[in-house]
Engineer: 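Let me give you the structure first, and then I'll get to my questions.
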Amino acid sequence: YQKKIEQSGKLLLSIINNVLDMARIESGKIKVDENYERVGEVVDEIISTFSSEAEEKEIHLSGSMKVTHRNILCDGTKIREIYVNLVSNAMKYTPRGGNVTITVEELPCEKEGYIKVKSEIKDTGIGMSKEYLPHIFEEFSREHTSTESKVTGTGLGLPIVKSLIDMMGGTIEV
């Protein structure tokens, strides 16, 4: 019972936070707040955050880093929120014994004083149909209901990710 209460509390908090995030994004109240960050530390934090869930589900969670310039100015809070949403989805939809991999790679950048970083989250989860892809970033959109997939969620995680990435001048592809 204790575990069910804790899980329900976490789910409710997650739903409330997602709705509040979307409201702040849509109202234009969220701004980019750049601070000093180390690229590798952010990924290590995300892996650490999900390590116990990965152990519990026997999911192999790993990361790889191919970055020359590790010290950057960026909005670390928003980047962490993006990673948390993407890795959370990967963990939710990956069955026991599967894999979730975070790869971060520095790409050539023409603009002096800037770097271009490509982050990739790969998993061995259930995937999604090509028909659903055009709707993946729509609010409250889910390919499968909680009843069908046995996975809970609001359908707000990916729209939040897309909005934050757009706000920071990045791109996201599936």
Side-chain angles (χ1 to χ4, degrees), residues 6-26 29-65 67 70 72-96 98-105 117-128 136-143 146 149-174:
E6 287 175 11
Q7 288 173 334
S8 295
K10 285 178 185 176
L11 176 61
L12 185 58
L13 182 61
S14 172
I15 290 168
I16 291 168
N17 284 333
N18 282 340
V19 170
L20 290 173
D21 282 345
M22 276 313 298
R24 282 193 295 266
I25 289 168
E26 289 174 351
K29 298 217 188 250
I30 292 186
K31 304 286 183 228
V32 175
D33 182 24
E34 291 183 341
N35 291 298
Y36 166 83
E37 294 286 345
R38 283 190 53 84
V39 176
E41 288 176 8
V42 173
V43 174
D44 289 344
E45 284 175 27
I46 298 303
I47 289 173
S48 176
T49 299
F50 287 95
S51 63
S52 60
E53 182 182 345
E55 274 182 45
E56 193 176 303
K57 284 184 74 177
E58 298 175 10
I59 292 175
H60 182 257
L61 175 62
S62 62
S64 80
M65 186 81 50
V67 177
R70 290 184 176 258
I72 61 172
L73 282 175
C74 65
D75 192 324
T77 302
K78 288 177 185 59
I79 289 173
R80 283 174 180 83
E81 186 171 359
I82 290 165
Y83 277 119
V84 164
N85 273 299
L86 294 175
V87 174
S88 173
N89 276 359
M91 296 293 291
K92 279 196 278 190
Y93 292 102
T94 298
R96 182 171 297 282
N99 295 299
V100 174
T101 307
I102 305 168
T103 305
V104 178
E105 176 183 7
V117 177
K118 175 184 173 184
S119 296
E120 188 173 77
I121 315 293
K122 283 187 176 180
D123 62 67
T124 56
I126 62 173
M128 58 192 88
I136 192 167
F137 297 116
E138 294 173 5
E139 293 175 29
F140 304 107
S141 171
R142 296 187 60 187
E143 183 170 21
S146 299
S149 66
K150 305 289 187 248
V151 176
T152 58
T154 59
L156 286 175
L158 291 178
I160 289 170
V161 165
K162 174 86 167 100
S163 296
L164 292 175
I165 289 173
D166 288 349
M167 182 185 308
M168 293 188 290
T171 60
I172 184 167
E173 299 173 18
V174 179

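All residue numbers in this chain count up from 1 along the given sequence.
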Engineer: Taking the side chain as every heavy atom from C-beta outward, state whether Asn85 and Ile160 have any atom pair closer than 4.5 Å.
Structural biologist: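 Yes, side chains in contact.
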Engineer: Side-chain contact test, heavy atoms from C-beta onward, threshold under 4.5 Å: evaluate it for Ser88 versus Phe50 and give yes or no.
Structural biologist: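 Sidechains of Phe50 and Ser88: in contact.
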Engineer: Looking only at heavy atoms, which two atoms of Ala54 and Leu61 are closest? And how far apart?
Structural biologist: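 Smallest heavy-atom distance, with atoms named: CB-CB, 3.9 Å.
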Engineer: For the pair Glu105 and Met65, evaluate side-chain contact (heavy atoms from CB on, under 4.5 Å) and give the outcome as yes or no after the intermediate values.
Structural biologist: CA-CA 6 Å; Glu105 176 183 7; Met65 186 81 50; over 6 Å; no
Engineer: Using modelled atom types and a 3.5 Å cut-off, is there a donor and acceptor pairing between side-chain atoms of Lys118 and backbone atoms of Val104?
Structural biologist: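 No; judged by distance alone, with no hydrogens or angles, the pair does not exist.
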Engineer: Give, for atom CD1 of Ile79 and atom CD1 of Ile46, the distance between the pair rounded to the nearest 0.5 Å.
Structural biologist: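 Ile79 atom CD1 to Ile46 atom CD1 measures 10.5 Å (nearest 0.5 Å).
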Engineer: For Ile172 and Phe137: C-alpha separation, side-chain torsions, deciding distance, then whether side-chain contact (heavy atoms from CB on, under 4.5 Å) applies.
Structural biologist: CA-CA 10 Å; Ile172 184 167; Phe137 297 116; 3.7 Å; yes
Engineer: Once side-chain contact (heavy atoms from CB on, under 4.5 Å) is applied, do any residues pair with Thr77, and if so which ones, sequence neighbours excluded?
Structural biologist: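 Per chain and number, Thr77 pairs via side-chain contact (heavy atoms from CB on, under 4.5 Å) with Asp75.
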Engineer: With side-chain contact (heavy atoms from CB on, under 4.5 Å) as the test, would you mind laying out the steps for Cys74 and Tyr36 before giving the verdict?
Structural biologist: CA-CA 7 Å; Cys74 65; Tyr36 166 83; over 6 Å; no
Engineer: Side-chain donor-acceptor contacts of residues 161-171 below 3.5 Å, not counting sequence neighbours, with atom names and distances?
Structural biologist:
residue	atom	partner	partner atom	Å
Lys162	NZ	Asp166	OD1	3.0
Lys162	NZ	Asp166	OD2	3.2
Ser163	OG	Pro159	O	3.0

Engineer: Taking only residues two or more places apart in sequence, or in another chain, which ones meet Glu138 in a side chain to side chain donor-acceptor pair (under 3.5 Å)?
Structural biologist: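 His135.
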Engineer: Distance check, rounded to the nearest 0.5 Å: Glu53 atom CD versus Met91 atom CE?
Structural biologist: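 Answer rounded to 0.5 Å: 4.0 Å.
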Engineer: Side-chain donor-acceptor pairs under 3.5 Å in residues 37-44, sequence neighbours left out?
Structural biologist:
residue	atom	partner	partner atom	Å
Glu37	OE1	Arg80	NH1	3.4
Glu37	OE1	Arg80	NH2	2.9
Glu37	OE2	Arg80	NH1	3.2
Arg38	NH1	Asn71	OD1	2.9

Engineer: Which heavy atom of Gly125 sits nearest a heavy atom of Pro95, and at what distance?
Structural biologist: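 Heavy-atom minimum between the residues: CA-CD, 4.0 Å.
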Engineer: Kindly write out the residues that satisfy side-chain contact (heavy atoms from CB on, under 4.5 Å) with Thr94, not counting sequence neighbours, or none if the list is empty.
Structural biologist: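 Only Ile59, Val100, Asp123, Thr124 meet the side-chain contact (heavy atoms from CB on, under 4.5 Å) criterion with Thr94.
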Engineer: Could you pull out all residues at least two apart from Ser62 that satisfy side-chain contact (heavy atoms from CB on, under 4.5 Å)?
Structural biologist: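 Once residues adjacent in sequence are excluded, the partners of Ser62 under the side-chain contact (heavy atoms from CB on, under 4.5 Å) criterion are His60, Thr101.
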